[in-house]
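For reference, the structure is listed below as structure tokens.
Whatever order the structure lists ligands and atoms in, that order sets their numbers, starting from 1.
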Amino acid sequence: MSTTSIDSLLHEDRRFPPSPEFAAAAVAQPGIYDEARADRLAFWAARARELHWQTPFTETLDWSNPPFARWFADGTLNVAENCLDRHVAAGIGDRVAIHWEGEPGDSRSITYAELTREVKRAANMLAGLGIGQGDRVAIYLPVIPEAVIAMLAVARLGAIHSVIFGGFSAESIRARVEDADATLVITADGGWRKGKVFPLKGAVDAALAAGETSVKNVLVVRRGENEVDWTDGRDLWWHEQLEGVSDEHEPEGFEAENPLFILYTSGTTGKPKGILHTSGGYLTQAAFTHKNVFDLKPETDVYWCTADVGWITGHSYVVYGPLANGATQVLYEGTPDTPHPGRWWEIIQKYGVSIFYTAPTAIRSFMKLGREIPQSFDLSSLRVLGSVGEPINPEAWVWYREIIGGGTTPVVDTWWQTETGAIMISALPGITVAKPGSAQVPMPGISVDVLDEEGVHVGKEAGGLLVITEPWPSMLRGIWGDPERFRDTYWSKFAHLPNGPLYFAGDGAHLDADGDVQLLGRVDDVMNVSGHRLSTMEIESALVSHPIVAEAAVVGASDETTGQAVVAFVILRAKKAGSVTATEASTMLRQHVAEQIGAIARPREVFVVAELPKTRSGKIMRRLLQDIAEGREIGDTTTLTDVNVVQSIRGTLD
Ligand code: 6R9
């Protein structure tokens with residue numbers, strides 16, 4: 001094994017084949033891999049032709065100027081028409097598109113015909129405010145139907161949305177609005193979260209007051225009914241502007257490469273990166289993956305993705321993928337534990353949700369609370385479960401399948417990024433024999449590899465750097481306004497190789513004996529202990545496999561003898577927390593890791609903590625834990641959900 005590859009120590013032998021009934025009825029059948037392998041471009045062209053094109057494309061891919069790809073470039077389409085009018089024309093206008101559930105318990109079901117009318121009116125209104133092709137519109141809303149309507153109305157006009165997650169500060173809004181020179185901001189007075197109204201418009205006011213701005217208008221949706229300040233001439237109520245506006249609107253066809261949205265990645269340092277996505281290729285891959293990964297049967301399924309629309313998962317798997325496929329879905333405004341810790345399970349029971357897509361952080365927090373809560377609801381409608389956002393530890397994967405999925409549902413672990421636009425590596429639920437904790441196989445039509453630092457393929461049973469070797473339809477087209485940064489960030493690491501350019505995602509991965517891909521986390525988090533490169537993910541998984549542990553984070557802290565030493569932070573399961581002291585837990589868990597994966601991985605220290613620092617999208621911020629473990633001042637915390645967490649962990653250590 002190369003010295004620059006990542007060591008892999010954890011073994012997982014459990015296997016879960018799909019049931020014969022599921023396999024026989026599945027949307028994706030095994031031949032799909034052969035079709036994609038036989039002619040990758042023809043495969044994607046066929047998927048693209050499942051959309052409605054106003055002008056059919058004749059060229060599939062133009063890769064003459066890498067890393068700038070053009071897909072289906074001479075075709076024209078309207079993204080909103082594909083998500084709306086097309087379904088009404090096909091006679092399914094009466095199907096519910098969105099079952100929306102507000103946090104305080106109010107709800108609204110909206111059919112495709114209704115959603116189409118709402119989007120047409122909103123598009124007319126936005127056009128009346130001067131919005132047209134190429135203009136940038138910032139959207140800062142809670143998870144309410146108007147968020148979806150606003151995104152689709154912007155798309156319908158060929159304009160570009162930049163959705164800003166509702167938890168971000170005035171400063172973050174300012175940076176994003178300024179970078180994109182947005183002329184309109186769509187916000188709400190406030191939204192519901194944890195039983196209270198949280199104000200939104202105030203943050204927009206503060207962002208725009210901080211200096212000169214490109215913003216001409218602020219459209220305000222009434223949701224929280226909280227008091228707001230008003231700037232006459234700039235601020236407009238959404239509902240007032242819609243009064244008397246026509247619901248007739250012809251969808252214009254735009255080029256496939258017309259920009260659809262900018263989404264800023266929650267980078268840990270520096271200026272946020274505005275990831276740019278375009279129309280035809282993005283919609284093709286979002287729709288294809290949504291249908292095949294989740295085995296969507298749009299006539300009967302009720303789908304629910306818990307992501308906020310402010311993240312890429314909300315873009316591709318709440319808005320564009322499901323709506324392009326004519327799915328019926330649940331949209332929920334609030335938090336999982338309001339007003340009670342079974343709220344999500346109650347929603348699944350209420351709507352008969354059959355496909356459920358969430359993040360490991362949520363699954364682990366439910367594990368912490370115990371199985372009794374989900375088990376007091378009827379979850380028997382569920383038939384496919386998905387995971388995204390972080391590596392899912394095998395133990396959490398199995399808990400998800402057993403406790404939420406009743407021991408029968410396939411679980412798909414989907415690896416992808418804001419930059420990739422859509423799912424890239426995932427099991428297909430009717431085909432793949434599932435392995436807990438592994439994303440396993442590239443999607444049909446997607447080519448990936450795992451390389452060492454020098455760019456050499458690592459081979460089976462070895463770990464290294466995950467790269468994508470061929471352009472894909474939903475790939476980012478660049479970083480808004482910064483082509484050099486685009487090249488440097490994603491395409492420079494292996495630029496010297498003859499088979500390039502290769503996209504380097506920043507993640508480590510391991511190839512198992514079958515050649516399946518297991519994600520190991522960000523390579524920046526890889527530790528070097530006595531010359532062994534260890535991934536955080538495996539040690540965390542070993543910790544979570546102990547019955548007292550609900551969640552774990554591991555970092556490398558500098559160490560005089562070993563270079564770096566493993567330092568672990570663990571959260572105990574609620575029922576077990578009282579039965580052991582922190583010292584006992586620490587001794588037990590250090591021993592457990594040594595037994596599970598070997599003495600080399602035994603943590604130098606294990607700290608029992610109440611919470612872990614996470615980004616607002618739920619990813620553990622190991623960098624901050626490393627600062628703590630090494631006794632440093634903590635770095636940038638702007639993307640942290642709750643700054644107090646860091647103080648409380650420090651308190652535990654003192
Ligand atoms: C979709 C999304 C991207 C990063 C990615 C990786 C991590 C996402 C994962 C996963 C292991 C999975 N990640 N899914 N790691 N297994 N199934 O989360 O996009 O917010 O841009 O984050 O998330 O590290 O590079 P984004």
In ligand 1, the atoms that come under 4.0 Å of a heavy atom of Glu390 are 8 (C), 9 (C), 10 (C), 11 (C), 12 (C), 13 (N), 14 (N), 15 (N), 16 (N), 17 (N)
- prompt: For ligand 1, is there an atom lying under 4.0 Å from some heavy atom of Trp311?
  reply: no
Is it true that Phe486 and Phe68 have ring centroids separated by less than 6.0 Å? yes
So OG1 of Thr361 and NZ of Lys619: to nearest 0.5 Å the spacing works out to 10.0 Å
Is the shortest distance from a heavy atom of Met537 to ligand 1 less than 4.0 Å? no
Value for CD1 (Ile139) from CE (Met151), rounded to nearest 0.5 Å, stands at 6.5 Å
Q.
Test your reading of the structure: does Asp413 have an N or O sitting under 3.5 Å from an N or O of ligand 1?
A. yes
| Under 3.5 Å, is there a donor-acceptor pair linking the side chains of Ser172 and Tyr264? | no
*Judged by non-hydrogen atoms, does Thr313 sit under 4.0 Å from ligand 1?*
yes
Closest to atom 20 (O) of ligand 1 (heavy atoms only, candidates Met424, Lys619, Gln417) is Lys619
Numbered in order shown, the ligand 1 atoms found under 4.0 Å of a heavy atom of Arg522 are 24 (O), 25 (O)
Under 4.0 Å between heavy atoms, the region of Thr418 that gets near ligand 1 turns out to be both
TODO: Looking only at distances, please establish whether an N/O atom of ligand 1 is found under 3.5 Å from an N/O atom of Ser387.
DONE: no
Among Gly389, Gly508, Gly314, closest by heavy atom to atom 7 (C) of ligand 1 is Gly389
If we number the atoms of ligand 1 from 1 as shown, the ones under 4.0 Å from a heavy atom of Leu519 are 11 (C), 16 (N)
Test side-chain hydrogen bond (donor to acceptor under 3.5 Å, both in side chains), reference Asp512, set Gln518, Lys460, Lys435, output is Lys435
Tell me if a side-chain donor or acceptor on Glu395 pairs with a main-chain N or O of Ser541 at a distance below 3.5 Å. no
Counting from 1 in the order shown, the ligand 1 atoms closer than 4.0 Å to a non-hydrogen atom of Thr414 are 9 (C), 12 (C), 14 (N), 17 (N)
Item checked: Distance-only donor-acceptor check, side chains Asn325 and Tyr303, under 3.5 Å -> no
Under 4.0 Å from one or more heavy atoms of Ile312, ligand 1 contributes atoms 1 (C), 19 (O)
Measure from NZ or CZ of Arg176 to the centre of the six-membered ring of Tyr140 and say whether it is under 6.0 Å with the direction within 45° of the ring axis. no
Are the ring centres of Trp44 and Phe288 closer than 6.0 Å? yes
